[in-house]
Structures are given as C-alpha cells and as structure tokens.
Amino acid sequence: NAGVTQTPKFQVLKTGQSMTLQCAQDMNHEYMSWYRQDPGMGLRLIHYSVGAGITDQGEVPNGYNVSRSTTEDFPLRLLSAAPSQTSVYFCASSYFPRDSVRTDTQYFGPGTRLTVL
Amino acid sequence: AQKVTQAQTEISVVEKEDVTLDCVYETRDTTYYLFWYKQPPSGELVFLIRRNSFDEQNEISGRYSWNFQKSTSSFNFTITASQVVDSAVYFCALSGWGAQKLVFGQGTRLTINP
C-alpha cells in the first residue's frame, strides 16, 4: 500500500491563481480530510468527507472547495489564491466508525507546501 | 468547543535527559480521544498513540510513556533517556466520538542536543 499520497510537494502561486491539491489513498478508507498547518497554530481542519459524494466544512473552509467523487481521491481546490493561504497542507484518511466504540487512527500524507505571492 | 493547549512552545535538553511534554484539553464530550503525533524535520506527521476517554491506564512504549488524567484534563508525554533522533515538533490532538475531526494543540518543538 502507498498509504496517503499528495501532489505536488511544493507549489508557488501568484495571487488570484487557482489550483488543485491532489490527495489519494489506497486503504479503502471512508473518511478523508484536509488540514492546514501554520506556524504557532498547529493543524486546522479545512474540509472533510465521510464517503464518496459527502463533504462538509471544518474550522477554516473559506477560500477552498472540495468534492469526493471516488473513495480514493479527495482533491482540494483553491479558487483564487491569496497570500493568507500560504501554508503546509496535509491530507488524512481513516476508517469511519459504524458503532459507538469502533474508531481508527487518521493517517496523514506527506504534505504540500504552498506559497502564494 | 474543543480545545488543546500545549503551553511549552520550545524545549531544549541535553541527550539522555528525561523530558515531559504537557498537553491540557477541554471538551464537553463524555467520549473522546486523545492523540500524540510527531513531526520530524522532514515534515511528515507520525502517529504515536491514541487514548480513549474511558481508558485511563498509562501506557509505556520503549522510552515513551503517556500519563492520562481525566481529573486534570491532561495527557502528558514523557521521553526517557532522550536521543537526538527525538528532536521534532510534537502535537497533541483531541477528537470526539469516532476520532475523525481532530483539534490540534499548537505543538512543542523539542530539541535534543548531543
């Protein structure tokens, strides 16, 4: 298994440009999510999905769009990049629990370092 | 709302010293999960441990140990006989039922000097 993969590893954008950060997992995990990491603030949840066709907002969703057409892929779209979106982006996945005790650990991808000029 | 506080921004110790990283959390959930992740200089996030709110047993894994105390809402992490390879940023995280939506602390940067 490749686990959780993210592309690209590095990206530089100009203000106003759009782009898509790719995330894929081969573990058949239902749950996928995107976090951003900023200095001194830990990681914050942007969007998440509990299965194909289902997405929801996290703590900091503004400026980002997501869709989940397959179980494997969960791309994150920046519609019009802004300098405030300069960050390291992590994708994560896990099984989604179906009872009151089952849970699972989230596995993170290697991250994408994005700079918006 | 859930919150995780890691009051220690940076810690620097000499190799072989013991070091404890503090984590204090806030939640109204009766069922919740606590995590520690390690982020080495290479940048990836490495899972270390998960703890359920209904299991207050402390855990030891080699040189690592975790002390979970619901009475003080703390989940502290101790490295015994630290090594240079332990140098990293360590994150404590909290989630509700299902361990899905993680709330992270600010992280503690640990530097082990030879």
Side-chain angles (χ1 to χ4, degrees), chain A residues 2-6 8-10 23 27 29-51 54-61 74 87-114, chain B residues 1-10 21-27 29-55 59 61 66 75 88-109:
Chain A
V4 181
T5 58
Q6 292 183 238
K9 291 190 175 183
F10 301 94
C23 174
M27 297 173 282
H29 284 166
E30 302 98 330
Y31 185 87
M32 296 185 74
S33 55
W34 278 100
Y35 292 84
R36 60 177 288 174
Q37 181 181 11
D38 301 297
M41 301 188 72
L43 282 80
R44 292 179 293 169
L45 181 64
I46 305 172
H47 284 285
Y48 65 96
S49 168
V50 299
I54 306 171
T55 64
D56 205 346
Q57 297 180 348
E59 180 185 355
V60 288
F74 190 43
S87 188
V88 180
Y89 292 85
F90 287 97
C91 179
S93 74
S94 71
Y95 291 111
F96 189 72
R98 293 183 176 83
D99 55 51
S100 62
V101 297
R102 182 183 178 214
T103 183
D104 207 332
T105 299
Q106 288 195 48
Y107 295 94
F108 285 82
T112 294
R113 185 174 295 274
L114 175 68
Chain B
Q2 297 180 327
K3 184 179 179 181
V4 175
T5 301
Q6 294 179 253
Q8 303 151 308
T9 305
E10 294 191 29
L21 309 182
D22 297 333
C23 173
V24 175
Y25 63 92
E26 297 176 26
T27 181
D29 294 342
T30 53
T31 299
Y32 54 90
Y33 301 87
L34 294 161
F35 302 80
W36 277 95
Y37 284 87
K38 174 182 179 180
Q39 186 175 46
S42 52
E44 74 271 23
L45 282 162
V46 179
F47 165 76
L48 295 178
I49 190 171
R50 179 185 68 227
R51 219 58 185 140
N52 306 327
S53 56
F54 42 86
D55 182 1
E59 180 141 346
S61 176
W66 291 270
F75 186 44
V89 179
Y90 290 87
F91 290 99
C92 180
L94 165 72
S95 75
W97 174 83
Q100 305 309 314
K101 294 162 66 174
L102 293 173
V103 173
F104 283 81
Q106 303 93 319
T108 296
R109 180 177 299 278

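Every value quoted in this text rests on a predicted model; they were computed, and no experiment measured them. To find a chain, count down the sequence lines: A is the first, B the second, and so on, and within it residues start at 1.
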Looking only at A:Phe108, A:Phe90, A:Tyr48, most heavy-atom pairs under 4.5 Å shared with chain B are made by A:Phe108
Okay, A:Leu43 and chain B: the region with an atom under 4.5 Å from a heavy atom over there is both
The side chain to side chain donor-acceptor pair (under 3.5 Å) partners of B:Ser42 (sequence neighbours excluded) come to B:Glu44
d(B:Leu45 CG, A:Gln37 CD) to nearest 0.5 Å is 6.5 Å
Quick check, are the ring centers of B:Phe104 and A:Tyr35 under 6.0 angstrom apart?
-> yes
Applying a strict 4.5 Å limit to non-hydrogen atoms, the region of B:Gln6 in contact with chain A is neither
Residues passing the side chain to side chain contact (heavy atoms under 4.5 Å, CB included) test with A:Glu59, sequence neighbours excluded, are A:Arg44
Output for pair (A:Asp56 CG, B:Lys101 NZ), nearest 0.5 Å, gives 6.5 Å
